[in-house]
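First up is the structure itself, then whatever we jot down about it.
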Amino acid sequence: MTEYESIAATDFKSDTVTTPTPSMLQAMLTATHGDDVYKEDKTTNDLQARVAEMCGKPAGLFVVSGTMGNQICLRAHLHQPPYSILCDYRAHVYTHEAGGLAMLSQAMVTPVHPRNKIYLTAEDVEDYLILGDDIHTAPTRVISLENTLGGIIMPIEEIAKISALARRHGIKIHLDGARLWNAAAETGIPLSEYGQYFDTMSLCISKGLGAPVGTVIVGEPDVLQTANWFRKQAGGGIRQAGLLAAAADVAITEIFPKLKQTHEVTKKLASELEEMGLTFQIPVQTNFIFLDLVKSGIDPAVLIEEGNKLGITIAGARIAIHHQISPGAIEKLKLAVKKSLEISKHRQENGGTNGVKRPEGSLAYGVYDKIVIDH
Ligand SMILES: Cc1ncc(COP(=O)(O)O)c(C=O)c1O
Ligand SMILES: C[C@@H](O)[C@H](N)C(=O)O
């Protein structure tokens, strides 16, 4: 396969920017062209079966995005409002899915702050479950976990305890597994071992795995049939889905095995940034580095600007590493950070402020660091 350089080679804003490899594009040319709304596309059906089997689940459904995957799984678990969904206060399903839980599911959310400030524990969850039928409440009907969350791997022992807690109370449990591939690659734990603890899981193939489009949700056939109904309702029925499924299939085969290497690149960069005096908001465990710009006194606007001058894209405190990031871009990122530190030091030495302060108690999550630039 000929060497190529992706436009994502210099883009640190997310791992969603990964672009299809030549082999993915090649596979698209030979994909089947069945109509997936009628379940007639072999390439799509084969992908769904492959991911379901990897996760130890009986059924899979190909959808166009992680947001759709999460929202239709969660909606499929909900039957009679009032009800609520319990999740981490930073969870993507709560913070970055356009209010879908309120609008599509008409659900209340119980956003929980982990005591350890890193990942939810069974103790955290148990303290906030809404049980019983008190008419003042919206009982918890689904627990939604995220692994990885901000690159953090949730220990499977904790997942097992939370799953047992959910099942003890007849509560459904969903995993936003947009980056479960990263957790599995880093821990060596098979997807199927994670799958045993969840009623549904949503796995994105369009992030670190690099497919152009697509997520596969897995679970029991009846639940996915209901989810498929909501997919269709949202206009998510896909005609010749095989073109996209073919690329996704190659992404799993070719890029999933490379994720561990991406994590090593991330950790090496993190240690070099630490040597420069940087600190991080949360531990670096997979493919994300969350710089603590407040502690280091770096103004995010300066960091973004210094990156642009060097021809790389930095979005803020979160540095996302993926398989298409070039070694040259890594060097430029370190230079941008070095320059930003110098500018901040110069400002402070001349009586200025570094212009950065974080509202109390906020742990920024998502694409941009939610900090106030106090000009
Ligand atoms: C953890 C997590 N879950 C779900 C999603 C949603 O995926 P999509 O952007 O494909 O809707 C994202 C973002 O891409 C994410 O980071
Ligand atoms: C922005 C957010 O939705 C996306 N999932 C990301 O991690 O970049």
Side-chain angles (χ1 to χ4, degrees), residues 8 11-20 51 61-75 85 87-101 103-104 109 111 118-120 142 144-154 174-184 186 194 198 200-218 227 230-231 234-236 238 241 244-245 247-248 251 259 262 266 281-282 285-290 304 313-322 324-325 363-370:
D11 195 342
F12 293 92
K13 69 171 161 301
S14 177
D15 52 2
T16 59
V17 302
T18 47
T19 58
V51 177
L61 179 68
F62 183 70
V63 295
V64 294
S65 69
T67 298
M68 179 171 280
N70 285 324
Q71 293 299 318
I72 64 176
C73 281
L74 292 166
R75 182 64 190 84
I85 292 166
C87 61
D88 188 301
Y89 80 106
R90 303 159 297 178
H92 196 271
V93 297
Y94 175 57
T95 65
H96 277 72
E97 298 187 5
L101 298 182
M103 295 180 71
L104 176 62
V109 178
I118 302 175
Y119 56 81
L120 280 184
V142 189
S144 185
L145 301 182
E146 184 173 320
N147 192 24
T148 66
L149 185 153
I152 293 286
I153 298 170
M154 193 169 189
H174 171 73
L175 178 71
D176 175 355
R179 296 183 182 86
L180 184 61
W181 310 96
N182 297 79
E186 188 63 23
Y194 287 105
F198 294 95
T200 48
M201 301 203 294
S202 176
L203 293 92
C204 293
I205 313 178
S206 59
K207 299 189 171 48
L209 293 192
V213 174
T215 285
V216 175
I217 58 176
V218 296
F230 288 111
R231 181 186 82 160
I238 316 169
L244 300 174
L259 289 183
T262 299
T266 309
Q281 294 181 44
I282 48 179
Q285 295 182 344
T286 53
N287 72 312
F288 286 140
I289 297 170
F290 278 78
I304 293 168
T313 302
I314 304 171
R318 186 183 74 169
I319 307 293
I321 306 296
H322 50 79
Q324 291 174 325
I325 284 284
L363 171 63
Y365 171 70
V367 182
Y368 300 95
D369 200 343
K370 291 194 250 347

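Order of listing sets the numbers, starting from 1, for every ligand and every atom in it.
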Given side chains that start at C-beta, do those of [X] and [Y] come closer than 4.5 Å, heavy atoms only?
{"X": "Thr19", "Y": "Gln324", "value": "yes"}
{"X": "Ile319", "Y": "Ile314", "value": "yes"}
{"X": "Asp88", "Y": "Glu146", "value": "no"}

Per [atom], closest listed option by heavy atom ([options]):
{"atom": "atom 1 (C) of ligand 1", "options": "Glu97, Gln71, Glu146", "result": "Glu146"}
{"atom": "atom 3 (O) of ligand 2", "options": "Lys207, His92, Arg318, His96", "result": "His92"}
{"atom": "atom 16 (O) of ligand 1", "options": "Arg90, Arg179, Lys207", "result": "Arg179"}

Please work out, at 4.0 Å between heavy atoms, whether the side chain, the backbone, both, or neither of Glu97 comes within that distance of ligand 2.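 Neither; nothing of Glu97 gets under 4.0 Å from ligand 2.
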
According to the interplanar angle, ranging from 0 to 90°, do the rings of His96 and His92 count as parallel (below 30°), tilted (30 to 60°) or perpendicular (above 60°)?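 Geometry flag for His92 against His96: parallel rings.
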
Check [X] against ligand 1 and report side chain, backbone, both or neither, counting heavy atoms closer than 4.0 Å.
{"X": "Ala178", "result": "side chain"}
{"X": "Leu149", "result": "neither"}
{"X": "Asn70", "result": "side chain"}
{"X": "Met68", "result": "neither"}
{"X": "Thr67", "result": "both"}
{"X": "His96", "result": "neither"}

For Asp15 and ligand 2, does the shortest N/O to N/O distance drop below 3.5 Å?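 It does not: no N or O of Asp15 is found under 3.5 Å from an N or O of ligand 2.
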
Against heavy atoms of Ser65, which atoms of ligand 1 measure under 4.0 Å? 10 (O), 11 (O)

Thr16 neighbourhood, listing ligand 1 atoms whose heavy-atom distance to it stays under 4.0 Å: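 Near Thr16, the atoms of ligand 1 are 14 (O).
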
Examine the side chains of Ser144 and His174 and answer whether a donor and an acceptor come within less than 3.5 Å of each other. no

Would you kindly say whether Gln71 and Glu97 are connected by a side-chain donor-acceptor distance under 3.5 Å?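 Short answer, yes.
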
Counting N and O atoms only, with roles assigned by atom type, does the side chain of Ser202 sit under 3.5 Å from a partner on the main chain of Ile217, one being a donor and the other an acceptor? no

Can you list the steps and then say if Ile321 with Phe12 is a side chain to side chain contact (heavy atoms under 4.5 Å, CB included)? CA-CA 6 Å; Ile321 306 296; Phe12 293 92; 3.8 Å; yes

Within ligand 2, which atoms have a heavy atom of Ser14 less than 4.0 Å away? 6 (C), 7 (O), 8 (O)

What's the separation between atom CD1 in Ile325 and atom CG in Asp11, rounded to the nearest 0.5 Å? 6.5 Å

